[in-house]
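Notes for the one structure printed next.
Here is the naming used below: chain letters follow the sequence lines, and residue numbers restart at 1 for every chain.
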Number of protein chains: 2
Amino acid sequence: MTYRDVPTETMDRLFLYMRALTCLRREKSETVSSSRLAEICNVNAPKVRKDLSYFGEFGVRGVGYNVNELLDHIRRILKLDRSVNVALIGAGNIGRALITHSSFQLEGFNISMAFDIDREKIGTRVGSITVEDMMDFPDRVEEEGIDLAILAVPEEVAPEIARIIADTNIISILSFAPCELCMPENVKVTCVDLSMEMARLLYNSRQTVTRKKKERKP
Amino acid sequence: MTYRDVPTETMDRLFLYMRALTCLRREKSETVSSSRLAEICNVNAPKVRKDLSYFGEFGVRGVGYNVNELLDHIRRILKLDRSVNVALIGAGNIGRALITHSSFQLEGFNISMAFDIDREKIGTRVGSITVEDMMDFPDRVEEEGIDLAILAVPEEVAPEIARIIADTNIISILSFAPCELCMPENVKVTCVDLSMEMARLLYNSRQTVTRKKKERKP
DNA sequence: CTTAAATTGTGAATGTGAACACAATCACAT
DNA sequence: ATGTGATTGTGTTCACATTCACAATTTAAG
Ligand SMILES: NC(=O)c1ccc[n+]([C@@H]2O[C@H](COP(=O)([O-])OP(=O)(O)OC[C@H]3O[C@@H](n4cnc5c(N)ncnc54)[C@H](O)[C@@H]3O)[C@@H](O)[C@H]2O)c1
Ligand SMILES: NC(=O)c1ccc[n+]([C@@H]2O[C@H](COP(=O)([O-])OP(=O)(O)OC[C@H]3O[C@@H](n4cnc5c(N)ncnc54)[C@H](O)[C@@H]3O)[C@@H](O)[C@H]2O)c1
């Protein structure tokens with residue numbers, strides 16, 4: 001099944017809806033209205049409905065959307081119906097936190113391998129997996145069929161690791177190093193830059209305050 | 001100084017430009033062209049130029065933009081010229097990783113306090129700060145003048161903590177718990193949801209592959 | 001001094017997504 | 001049955017963002 005002429009913004013928002021629905025399911029909500037869903041995701045109700053309408057008619061007029069059903073639909077649209085194999089590179093502070101985080105497993109992301117260059121760390125166990133030697137990365141990744149690599153190494157070595165990954169068949173990299181990675185065109189990199197998120201957040205909340213003040217004037 | 005009629009998309013991209021420039025400065029680049037900056041940020045060159053033109057004429061025709069100068073300009077536009085006081089709630093795996101991360105300081109984010117509810121953790125030192133009792137949070141935050149709170153507590157207690165924060169004058173929350181937080185309208189919440197980022201990334205990289213295949217056909 | 005190469009800044013055209021109002025539909029009460 | 005209140009689905013309109021082409025400017029070389 002493939003859908004045409006779906007706005008990229010709609011596609012992006014689908015992930016927000018998925019998260020909201022996952023949350024609602026946890027809270028045992030049976031149904032949800034477009035307006036409630038919109039509220040959770042910080043968008044407006046007509047947008048939610050229009051977005052969903054690109055993929056079919058999932059709601060019941062007068063009632064709303066069935067949480068479980070809609071979540072299943074969206075997960076299928078986003079091709080998240082099977083579990084994802086993840087390799088972690090860099091078993092440092094962030095890396096170890098990620099491995100021991102149990103929710104990933106539940107959400108279908110299985111961190112099955114971890115690599116490091118530090119002799120002290122290689123061979124040690126973190127949670128349920130054993131840290132392996134970065135030297136073995138290319139071979140081991142091939143063996144296990146890894147879908148995604150998480151990069152949690154110091155910034156300075158990130159470009160070097162990027163080259164190693166480029167020679168495997170991994171095309172998805174989630175990097176915590178806030179720097180550019182030169183990659184072949186087909187490899188996608190998402191950079192988790194917390195400083196940037198904080199900066200953006202701060203700017204937006206300050207904006208709201210000053211806007212509020214202006215609106216109060218007349 | 002305030003700017004009018006700047007597209008929100010432009011505003012958003014400014015943060016990308018900032019990160020790229022920070023990176024370029026570290027690499028000791030003197031100048032950068034709009035096309036190079038665009039490449040790093042995954043946008044196109046005219047967009048970079050148009051975006052910057054909303055705020056002034058920062059470049060030199062035939063040469064490009066001075067990295068340091070442009071970075072300073074952007075930081076001023078984004079109101080990031082003074083350092084930001086951050087409080088961390090939840091000194092667990094993620095929390096401790098964040099505190100010991102040194103780059104935040106360099107980028108102007110000063111994690112100056114940490115709070116937890118666990119008796120074992122209260123009073124212990126992490127990096128250069130001492131974990132305090134969550135009970136004291138409201139008073140202590142008032143005293144220190146905190147600009148932003150990072151929420152790194154288990155999902156289940158996040159809503160409860162949200163209420164505590166709502167009663168302080170903090171209006172910016174960076175949360176690692178992937179759930180909705182009910183907050184007064186003026187409080188902004190950014191949710192760092194790594195599962196969602198991975199899902200999005202995976203979808204996009206798969207898309208590229210299939211698109212490539214289609215293009216190859218004729 | 002003149003010309004060529006590089007690169008910025010920008011107005012006008014184009015394209016795309018958001019908003020909105022409302023028809024369609026459903027559950028349920030009477 | 002039938003009316004009522006709630007809520008979805010969508011065609012149209014409008015606002016906004018992107019793109020493009022090119023004039024303007026600078027550097028460097030001949
Ligand atoms: N810790 C944080 O809170 C935080 C926040 C934002 C960004 N980051 C970024 O995340 C990355 C990791 O941060 P961290 O705090 O976990 O650092 P860390 O120093 O604790 O861990 C880095 C790990 O990478 C390993 N490593 C080094 N070179 C390697 C190589 N060539 N191959 C494989 N492994 C290698 C090290 O042995 C170490 O275990 C850094 O780029 C940092 O800038 C961290
Ligand atoms: N660890 C990860 O890699 C990861 C990844 C994604 C999301 N998250 C999310 O980040 C959050 C923290 O994760 P973690 O792995 O650090 O968990 P953790 O259990 O290691 O740490 C949570 C900390 O919060 C403290 N805490 C509990 N209740 C509290 C309260 N009422 N007030 C103050 N402190 C309290 C606990 O004592 C503990 O120190 C969770 O919501 C988790 O879902 C974590």
Describe the nucleic acid contact of A:R13 in one word from base, sugar-phosphate, nothing, applying a heavy-atom distance below 4.0 Å.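 Counting heavy atoms under 4.0 Å across all strands, the contact made by A:R13 is with sugar-phosphate only.
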Pick base, sugar-phosphate or nothing for B:T10, based on heavy-atom distances below 4.0 Å to the nucleic acid.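 Nothing: the residue B:T10, judged by heavy atoms under 4.0 Å, touches no strand.
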What's the closest nucleotide to the [X] side chain, out of [options]?
X     : options                : result
B:K50 : D:dT27, C:dA19, C:dG11 : C:dG11
A:E9  : D:dA21, D:dA24, C:dG17 : C:dG17
A:R61 : C:dA23, C:dA27, D:dA24 : C:dA23
A:S33 : C:dT7, C:dT10, D:dT7   : D:dT7
B:S53 : C:dA19, C:dG17, C:dG9  : C:dG9

Starting from [atom2] on [N], measure out to [atom1] on [X] and report it in whole angstrom.
X     : N      : atom1 : atom2 : value
B:L52 : D:dT18 : CG    : P     : 13 Å
B:M11 : D:dA17 : CE    : P     : 12 Å
A:R49 : D:dA6  : CZ    : C1'   : 11 Å
B:L70 : C:dT8  : CG    : C1'   : 13 Å
B:D5  : C:dT10 : CG    : P     : 15 Å
A:D51 : C:dA19 : CG    : C1'   : 13 Å
A:E57 : C:dA24 : CD    : C1'   : 10 Å
B:Y54 : C:dT8  : OH    : P     : 17 Å

Any ion pair linking A:R19 and A:E107 (charged N to carboxylate O, less than 4.0 Å)?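 The answer is no: the pair does not qualify as a salt bridge.
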Taking 4.0 angstrom as the limit, do A:E155 and B:R26 come out as a salt bridge?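 Counted as a salt bridge, because a side-chain N and a carboxylate O are separated by less than 4.0 Å.
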For [N], take OP1 and OP2 only and decide whether either is under 4.0 Å from a side-chain N or O of [X].
X     : N      : value
A:Y65 : C:dC26 : no
B:T8  : D:dA17 : yes
B:S34 : C:dT8  : yes
A:K47 : C:dG17 : no
A:N44 : C:dA19 : yes

Judged by modelled atom types alone, do A:D51 and A:T10 share a side-chain donor-acceptor pair under 3.5 Å?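 Side chains of A:D51 and A:T10: pair found under 3.5 Å.
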Write down the atom of B:N110, the atom of B:S83, and the distance for their closest heavy-atom approach.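 Heavy-atom minimum between the residues: CB-OG, 4.3 Å.
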Of A:V6 and A:V60, whose nearest nucleotide on DNA chain C comes first from the 5' end?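 Closest to the 5' end, via its nearest nucleotide, is A:V6.
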Less than 6.0 Å separating the ring centroids of B:Y3 and B:F55?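 Yes, the ring of B:Y3 comes within the 6.0 Å limit of the ring of B:F55, centre to centre.
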B:M113 versus B:F137: any side-chain heavy-atom pair under 4.5 Å?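 Not touching, per the 4.5 Å side-chain cut-off.
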If you assign each of B:P7 and A:G62 to its closest nucleotide in DNA chain D, which residue comes earlier from the 5' end?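 The residue whose closest nucleotide sits nearer the 5' end is A:G62.
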